[in-house]
S.K.: 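Once you've had a glance at the structure underneath, I'll fire off some questions.
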Amino acid sequence: MVLLGFCKYLHRCCQRSVLLVVARRQWSTSSASPPPLHRRLLLFLTQRFYDIEMLLRWRSQAKRSQLQKKNVYYSYTQRFYGPDIASAYYILSLKGGFRYVGQSEWFRTNQRGKFSWDFLNHKNTPIEEADMSYTIINYTGLENLERQRSLRTLKLKGCPEVDDWFLARLHMFQDSLEELDISHCPRITTGGLAALRNLKGLKHLNVSSLPGISNPGLVIILLEEMLPQCQITANGYDHNLRTVEEEEEEQMQRQR
């Protein structure tokens, strides 16, 4: 799909190049004078604009295709190696890290994205901690972790694809999850945080620096009421408890 789009882009560029050559020949062989400089400049900018637009569109399609490919369900691996190995392989393929239950060793990728295959030696060992920080895990890819009923820690710091729908699906870990880090996730909003009420066993929650949160002070109070047994970390905010109505009233007074 991406290759087809790129080929169409190249074909379109070649067509424009041919038209430019033909146009220049007509101007040079005909007795009529060529168009003014400003018209030729506008024509050039217009053609370059569409070329750049096509290139950006192709780049966006390639990015979406790569995202879907990385978060595909690892059904083949699960069928032949079991759910624990499939989850481990998915985490490592996204350059994340994890620790098995009863093990002190963490499996992580190196700077080149390479990892040790020793995790295959723990076929029937569930995952206890997973660090997916700054990876492109999304709602679809979360299905690869669904069978991990012993997962106690999940770190999702700075994940660009973690959104409200993703948080709503975390209820699958409601009986095991104790620590959750969703700080610096740009797509999380106040509405998505309400889904965390299902995680009754949560003991530590990090919601620091979420740009999509309005009235963070009030949101934190609501989280503390929803999860009274949970210690909440919320750095990077101006903890202001003013409501939207109070802010609008203050703006009106300033205008007067």
Side-chain angles (χ1 to χ4, degrees), residues 1-13 50-98 107-117 119-120 126-127 129-149 151 153-173 177 180-189 191-193 195-196 198 210-212:
M1 181 70 180
V2 176
L3 181 60
L4 179 61
F6 183 66
C7 291
K8 289 182 179 180
Y9 163 73
L10 291 178
H11 179 69
R12 189 169 180 177
C13 289
Y50 285 113
D51 289 343
I52 293 174
E53 183 184 26
M54 286 293 296
L55 183 60
L56 292 177
R57 187 179 302 173
W58 174 80
R59 181 182 179 185
S60 177
Q61 291 176 352
K63 186 177 180 180
R64 288 197 300 269
S65 177
Q66 182 71 5
L67 181 65
Q68 293 175 355
K69 182 180 178 181
K70 286 290 187 179
N71 285 281
V72 71
Y73 181 55
Y74 284 30
S75 58
Y76 177 87
T77 307
Q78 185 173 130
R79 189 182 310 117
F80 287 95
Y81 295 95
D84 299 325
I85 296 298
S87 297
Y89 185 45
Y90 168 70
I91 294 173
L92 292 175
S93 69
L94 289 186
K95 300 181 180 181
F98 67 90
F107 290 92
R108 295 183 182 274
T109 57
N110 58 24
Q111 295 180 350
R112 296 183 177 180
K114 305 297 182 180
F115 52 84
S116 171
W117 292 93
F119 72 92
L120 294 174
I127 295 173
E129 295 186 69
D131 186 358
M132 305 295 293
S133 299
Y134 301 105
T135 67
I136 56 172
I137 184 175
N138 65 2
Y139 175 87
T140 305
L142 193 58
E143 186 176 1
N144 289 294
L145 303 179
E146 187 174 7
R147 302 283 293 275
Q148 298 305 312
R149 301 302 182 181
L151 188 65
T153 301
L154 180 59
K155 297 181 180 181
L156 302 165
K157 180 179 180 180
C159 292
E161 300 299 325
V162 170
D163 54 11
D164 295 345
W165 291 102
F166 186 100
L167 297 185
R169 198 171 187 180
L170 290 180
H171 67 85
M172 65 178 70
F173 307 122
L177 198 62
L180 177 63
D181 185 353
I182 53 174
S183 60
H184 300 272
C185 293
R187 301 183 64 181
I188 292 178
T189 68
L193 293 177
L196 299 180
N198 297 317
L210 298 178

S.K.: Find the distance between CG (L154) and CG (L170) and round it off to the nearest 0.5 Å.
M.R.: 6.5 Å

S.K.: Please evaluate residues Q68 and T140 with respect to the criterion side-chain contact (heavy atoms from CB on, under 4.5 Å), reporting the C-alpha separation (whole Å), side-chain torsions for both, the decisive distance (0.1 Å), and the verdict.
M.R.: CA-CA 8 Å; Q68 293 175 355; T140 305; over 6 Å; no

S.K.: Could you walk me through whether K114 and R112 pass the side-chain contact (heavy atoms from CB on, under 4.5 Å) test, one step at a time?
M.R.: CA-CA 6 Å; K114 305 297 182 180; R112 296 183 177 180; 4.2 Å; yes

S.K.: A side-chain contact here means heavy atoms from C-beta on lying under 4.5 Å apart; do S133 and L156 qualify?
M.R.: no

S.K.: Hey, are the side chains of R187 and E161 touching, using non-hydrogen atoms and a 4.5 Å cut-off?
M.R.: yes

S.K.: Decide side-chain contact (heavy atoms from CB on, under 4.5 Å) for C159 and T135; before the verdict, give the C-alpha distance in whole Å, the side-chain angles of both, and the deciding distance to 0.1 Å.
M.R.: CA-CA 5 Å; C159 292; T135 67; 4.0 Å; yes

S.K.: CG of D181 to OG1 of T153: how many Å apart, nearest 0.5 Å?
M.R.: 10.5 Å

S.K.: Could you tell me whether the side chain of L167 reaches within less than 4.5 Å of the side chain of I188, counting heavy atoms only?
M.R.: yes

S.K.: Could you tell me whether the side chain of F119 reaches within less than 4.5 Å of the side chain of L92, counting heavy atoms only?
M.R.: yes

S.K.: How long is the span from the CE atom in M172 to the CG atom in L145, to the nearest 0.5 Å?
M.R.: 8.0 Å

S.K.: Does R149 qualify as a cation-pi partner of F173, given the criterion of NZ or CZ under 6.0 Å from the six-membered ring centre and within 45 degrees of its axis?
M.R.: no

S.K.: For the residue pair A168 and A195, what are the closest heavy atoms and their distance?
M.R.: CA-CB, 3.7 Å

S.K.: Pairing donors with acceptors under 3.5 angstrom, does anything connect the side chains of Y73 and Q78?
M.R.: yes

S.K.: State, with a plain yes or no, whether a side-chain heavy atom of V162 is found less than 4.5 Å away from one of N138.
M.R.: no

S.K.: Between N71 and E143, is the side-chain hydrogen bond (donor to acceptor under 3.5 Å, both in side chains) condition met? List the steps.
M.R.: CA-CA 9 Å; N71 285 281; E143 186 176 1; over 6 Å; no

S.K.: Could you walk me through whether I182 and L196 pass the side-chain contact (heavy atoms from CB on, under 4.5 Å) check?
M.R.: CA-CA 11 Å; I182 53 174; L196 299 180; 4.2 Å; yes

S.K.: Going by an N to O cut-off under 4.0 Å, is there a salt bridge joining R108 and D131?
M.R.: yes

S.K.: Do F98 and Y90 come within less than 4.5 Å of each other through their side chains, counting heavy atoms only?
M.R.: no

S.K.: When you measure from the side chain of N144 to the backbone N and O of V72, does any donor-acceptor pair fall under 3.5 Å?
M.R.: yes

S.K.: Taking the side chain as every heavy atom from C-beta outward, state whether L210 and C185 have any pair of such atoms under 4.5 Å apart.
M.R.: yes

S.K.: Measure the NZ-CD1 distance between K95 and I136 for me, rounded to the nearest 0.5 Å.
M.R.: 9.0 Å

S.K.: Verify whether the ring centers belonging to Y74 and Y89 lie closer than 6.0 Å.
M.R.: yes

S.K.: Return the OH to CZ distance between Y139 and F166, rounded to the nearest 0.5 Å.
M.R.: 10.5 Å

S.K.: Run the side-chain hydrogen bond (donor to acceptor under 3.5 Å, both in side chains) test on D164 and T189 for me, step by step, so that the C-alpha distance in whole Å, both residues' side-chain angles and the decisive distance to 0.1 Å come before the verdict.
M.R.: CA-CA 7 Å; D164 295 345; T189 68; 2.4 Å; yes

S.K.: Flag yes if more than 12 heavy atoms outside Y134 fall under 6.0 Å of its OH atom; otherwise flag no.
M.R.: yes

S.K.: With rounding to the nearest 0.5 angstrom, report the CG to CD distance, L177 to Q148.
M.R.: 12.5 Å

S.K.: Going by heavy atoms in the side chains, are I91 and M132 under 4.5 Å from each other?
M.R.: yes

